[in-house]
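The structure under discussion appears below in the form of structure tokens.
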Amino acid sequence: MLQEISSTHRFNHRKPKRWFTDSNMDLFIWFENQRPVCFQFNYNKLQQEHSIGWHAETGFSHTLVKPDKRHVKYRASATSSSECECQCQFDAASIAREFLQASNHIG
């Protein structure tokens with residue numbers, strides 16, 4: 001079940017963000033003027049972690065997270081040096097079901 005980490009609402013004068021996490025997924029949402037401008041959803045953290053992202057200026061991305069760079073991957077941009085682009089197939093319906101089940105209590 002995703003739990004919010006409330007201490008991340010503002011960091012070093014950057015855009016406010018919300019962070020929800022559990023053992024197998026993370027969701028980060030960045031805001032500007034109380035509107036979402038970027039999100040990063042990481043899934044399958046226990047095996048081969050991937051990230052689905054969206055940024056208002058650049059659109060969507062799907063990336064494979066490099067294990068040795070995990071500690072620096074969370075940024076407010078659609079691409080970061082800690083990730084590499086991947087062309088892999090993924091089961092969007094299954095990932096969506098897992099996310100909905102883990103987040104059904106978030107209001």
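Note that the structure is a prediction, hence the values are computed from the model and not measured.
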Do [X] and [Y] touch side chain to side chain, with heavy atoms closer than 4.5 Å?
X: Gln40; Y: Trp30; answer: yes
X: Ile5; Y: Phe20; answer: no
X: Val37; Y: Phe31; answer: no

Inter-residue atom distance [X].[atom1] - [Y].[atom2], 0.5 Å rounding:
X: His62; Y: Phe41; atom1: NE2; atom2: CZ; result: 10.0 Å
X: Asn44; Y: Glu98; atom1: CG; atom2: CD; result: 8.0 Å
X: Leu2; Y: Ile106; atom1: CG; atom2: CD1; result: 5.0 Å

Can you list the steps and then say if Gln3 with Met1 is a side chain to side chain contact (heavy atoms under 4.5 Å, CB included)?
-> CA-CA 6 Å; Gln3 299 294 320; Met1 181 181 329; 3.7 Å; yes
Where does the angle between the aromatic ring planes of Phe39 and Phe60 fall among parallel (under 30°), tilted (30 to 60°) and perpendicular (over 60°)?
->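 Rings of Phe39 and Phe60: perpendicular, as their planes differ by over 60°.
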Going through the distances and angles, do Trp19 and Leu27 end up as a side chain to side chain contact (heavy atoms under 4.5 Å, CB included)?
-> CA-CA 6 Å; Trp19 174 17; Leu27 173 64; over 6 Å; no
Minimum heavy-atom separation for [X] to [Y], with atom names?
X: Asn42; Y: Glu49; value: ND2-OE2, 3.2 Å
X: Ser23; Y: Lys45; value: O-CE, 3.6 Å
X: Asp22; Y: Asn24; value: OD1-N, 2.8 Å
X: Leu64; Y: Gln48; value: CD1-CG, 3.5 Å

Quick one: do Ile95 and Leu46 end up in the same hydrophobic cluster if we chain Ile, Leu, Val, Met, Phe, Trp and Tyr together by side-chain heavy atoms under 4.5 Å apart?
->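 In one cluster: no.
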In this structure, are over 12 heavy atoms from other groups packed under 6.0 Å from Asn33 atom CG?
->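 Atom CG in Asn33 is not packed in, count stays at 12 or less.
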Begin from the C-alpha positions of Arg18 and Phe28 and carry the test side chain to side chain contact (heavy atoms under 4.5 Å, CB included) through to its verdict.
-> CA-CA 6 Å; Arg18 293 181 74 182; Phe28 295 87; over 6 Å; no
Do Tyr43 and Phe99 have ring centroids that are under 6.0 Å from one another?
->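 That pair fails the under 6.0 Å test.
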